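For reference, the structure discussed in these notes is given below.
Computation of the quantities below employed the complete heavy-atom set of this structure, encompassing side-chain atoms and omitting hydrogens, waters and symmetry-equivalent molecules. On a predicted model such as this, the values are computed, not experimentally measured, just so you know.
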Amino acid sequence: VMERICRLLDYKDQYESCLIHPNWSIAAMAILWEAPLFNRPDLFRKFLKTTSTCKRVALLVKRFHLAFVDIEEESLFKPLCRSSNERHHPKNAHPLAKASLIQDLARHCENMTDLVCYGWEMKPGDWEQIATVAHELKHLTVIGGSKQGEPKQIGVQVLSRLETLCLDGRFVINDSWAQTLIHKASNLRVLELSLENLDYDVFTVSYTHLTLPTTERV
């Protein structure tokens, strides 16, 4: 009940709720740490330092957006894919795209359920390492693929638990990976990917055999 009340408060009041009573502090901190966002690099560095030294607060993080926040634009010509935006280009995204940074975040915030991150520098095996520590990860958005453009590094251990998978970029979906997706991603409810560079036969087979609910989207 206290957490529901805290969700109705603005950020300042949520913070001040921590000063009312220890029980209110527990409820308010669960909300404050649930989905952190940062508008300055120094705040992000403080967050990393805190989560690496204080396990109690690191475990409160549920949803994390490890990518530059988009500025909403009312335009007919805004990019459909974030990976095509100059803001998310590999040369700009490099500080946040490091595989070691993504792995450290998953290791400290092991209760994380939602993750948005860059895939520019991810190599085969990186996702499996993340899966071994982030046991609750169910919703994954990857902005930009590796240099090869192949998502094959998102292997069985990750796919088997995902409910949402968004591949934002020019990923090369080959038949082998599509078959893995069909047979192993049994919990998948939402799949988003670009049709660019996607072989029609692979798309047809994947779409036909994936058991996504009709209420969800592909």
Side-chain angles (χ1 to χ4, degrees), residues 1-73 82 87-88 93 95-119 126-143 157-166 168 187-190 192 213 215-217:
V1 173
M2 289 179 178
E3 286 190 15
R4 293 182 65 181
I5 294 173
C6 287
R7 289 186 188 279
L8 300 175
L9 305 176
D10 60 27
Y11 179 80
K12 179 176 181 294
D13 289 338
Q14 288 175 348
Y15 178 78
E16 292 183 350
S17 297
C18 296
L19 309 177
I20 298 174
H21 185 275
N23 289 341
W24 277 99
S25 178
I26 293 172
M29 286 186 64
I31 304 304
L32 288 167
W33 284 85
E34 185 178 42
L37 283 174
F38 310 95
N39 56 7
R40 301 204 315 264
D42 61 311
L43 295 178
F44 180 59
R45 287 193 291 268
K46 288 180 180 179
F47 168 82
L48 292 178
K49 182 178 180 180
T50 302
T51 52
S52 64
T53 57
C54 184
K55 192 67 174 177
R56 180 172 63 89
V57 295
L59 294 177
L60 295 176
V61 178
K62 302 295 184 182
R63 304 188 303 275
F64 202 86
H65 190 100
L66 190 60
F68 292 121
V69 178
D70 290 300
I71 301 173
E72 293 296 329
E73 298 179 358
R82 280 172 284 185
R87 184 178 184 82
H88 300 292
L96 299 180
K98 293 181 179 179
S100 58
L101 176 61
I102 301 173
Q103 291 172 0
D104 286 343
L105 176 70
R107 184 171 66 253
H108 297 310
C109 306
E110 59 187 69
N111 286 338
M112 183 168 50
T113 61
D114 300 51
L115 175 62
V116 178
C117 65
Y118 293 113
D126 288 336
W127 287 116
E128 295 303 305
Q129 293 184 34
I130 290 174
T132 59
V133 291
H135 304 288
E136 303 299 322
L137 185 62
K138 294 180 175 64
H139 308 281
L140 176 64
T141 296
V142 182
I143 302 176
Q157 193 171 355
V158 179
L159 291 176
S160 61
R161 67 178 65 151
L162 287 183
E163 296 178 6
T164 302
L165 175 61
C166 175
D168 188 326
N187 295 315
L188 202 62
R189 296 294 178 267
V190 177
E192 296 182 1
T215 56
E216 300 297 351
R217 64 185 184 274

Taking C-beta and beyond as the side chain, do Ile130 and Val158 meet within less than 4.5 Å on heavy atoms?
no
TODO: Would you mind reporting whether Arg7 and Glu34 have side-chain heavy atoms less than 4.5 Å apart?
DONE: yes
Rounded to the nearest 0.5 angstrom, the CG-OG distance for Leu19 and Ser25 is 8.0 Å
Q.
When you compare the side chain of Leu32 with that of Tyr11, does any pair of heavy atoms fall below 4.5 Å?
A. yes
Self-check item: Heavy-atom donor-acceptor pair, Asn111 side chain to Leu59 backbone, under 3.5 Å
Solution: yes
Using modelled atom types and a 3.5 Å cut-off, is there a donor and acceptor pairing between side-chain atoms of Arg161 and backbone atoms of Ala131?
yes
Output for pair (Phe44 CZ, Leu96 CG), nearest 0.5 Å, gives 5.5 Å
- Task: With the side chain counted from C-beta on, respond yes when Arg189 and His139 share a heavy-atom pair under 4.5 Å apart, and no when they do not.
- Result: no
Query raised in the report: With distance as the sole test, does Arg107 use its side chain to make a donor-acceptor pair with the main-chain N or O of Gln129 at under 3.5 Å?
Result: no
Show the numbers, then the answer: is there a side chain to side chain contact (heavy atoms under 4.5 Å, CB included) between Phe64 and Cys117? CA-CA 9 Å; Phe64 202 86; Cys117 65; over 6 Å; no
_Whether the side chain of Lys138 engages the backbone of Asp114 through a donor-acceptor N/O pair (distance < 3.5 Å, no angle test) should be reported._
no
Quiz item: Has Tyr15 got more than 12 heavy atoms of other residues, nucleotides or ligands less than 6.0 Å from its OH?
Solution: no
Taking the side chain as C-beta and beyond, is there a heavy-atom pair between Leu105 and Phe47 under 4.5 Å? yes
Looking only at heavy atoms, the pair that brings Ala97 and Ile102 closest together is O-CD1, 4.2 Å
Item checked: Contact check, side chains of Asp104 and Thr51, non-hydrogen atoms, under 4.5 Å -> no
Smallest heavy-atom separation, Met112 atom then Ala106 atom, equals CE-CA, 4.0 Å
Short side-chain to backbone donor-acceptor contact, Arg63 and Val61, under 3.5 Å:
no
NE2 of His135 to CD of Gln157, rounded to nearest 0.5 Å, is 8.5 Å
Original post:
Do any N or O atoms from the side chain of Thr113 and from the backbone of Lys62 form a donor-acceptor pair under 3.5 angstrom?
Top reply: yes
Rounded to the nearest 0.5 Å, the CG atom of Leu162 sits from the CG atom of Leu137 at a distance of 6.0 Å
- Compare all side-chain heavy atoms of Leu101 with those of Leu48 and state whether any distance is below 4.5 angstrom. yes
Is the shortest side-chain heavy-atom distance between Ile5 and Ser17 below 4.5 Å? no
Closest non-hydrogen contact found for Arg82 with Val116 is NH1-CG1, 4.3 Å
Please verify the inter-ring angle class for Tyr118 with His88; under 30° counts as parallel, over 60° as perpendicular, anything in between as tilted.
tilted
Next item on the list: Starting from the C-alpha separation in whole Å, work towards a yes-or-no answer on side chain to side chain contact (heavy atoms under 4.5 Å, CB included) for Glu3 and Ile31.
Entry: CA-CA 7 Å; Glu3 286 190 15; Ile31 304 304; 4.2 Å; yes
Test salt bridge (Lys or Arg N to Asp or Glu O under 4.0 Å) applied to Arg45 and Asp42, step by step:
CA-CA 5 Å; Arg45 287 193 291 268; Asp42 61 311; 5.4 Å; no
Separation between CZ (Arg87) and CD1 (Ile143), nearest 0.5 Å, reads 10.5 Å
d(Thr164 OG1, Leu188 CG) to nearest 0.5 Å is 7.0 Å
request  = Assess whether atom NZ of Lys46 is packed by more than 12 heavy atoms of other residues, nucleotides or ligands within 6.0 Å.
outcome  = no
**Study point:** Gln14 side chain vs Leu9 backbone, donor-acceptor pair below 3.5 Å
**Key:** yes
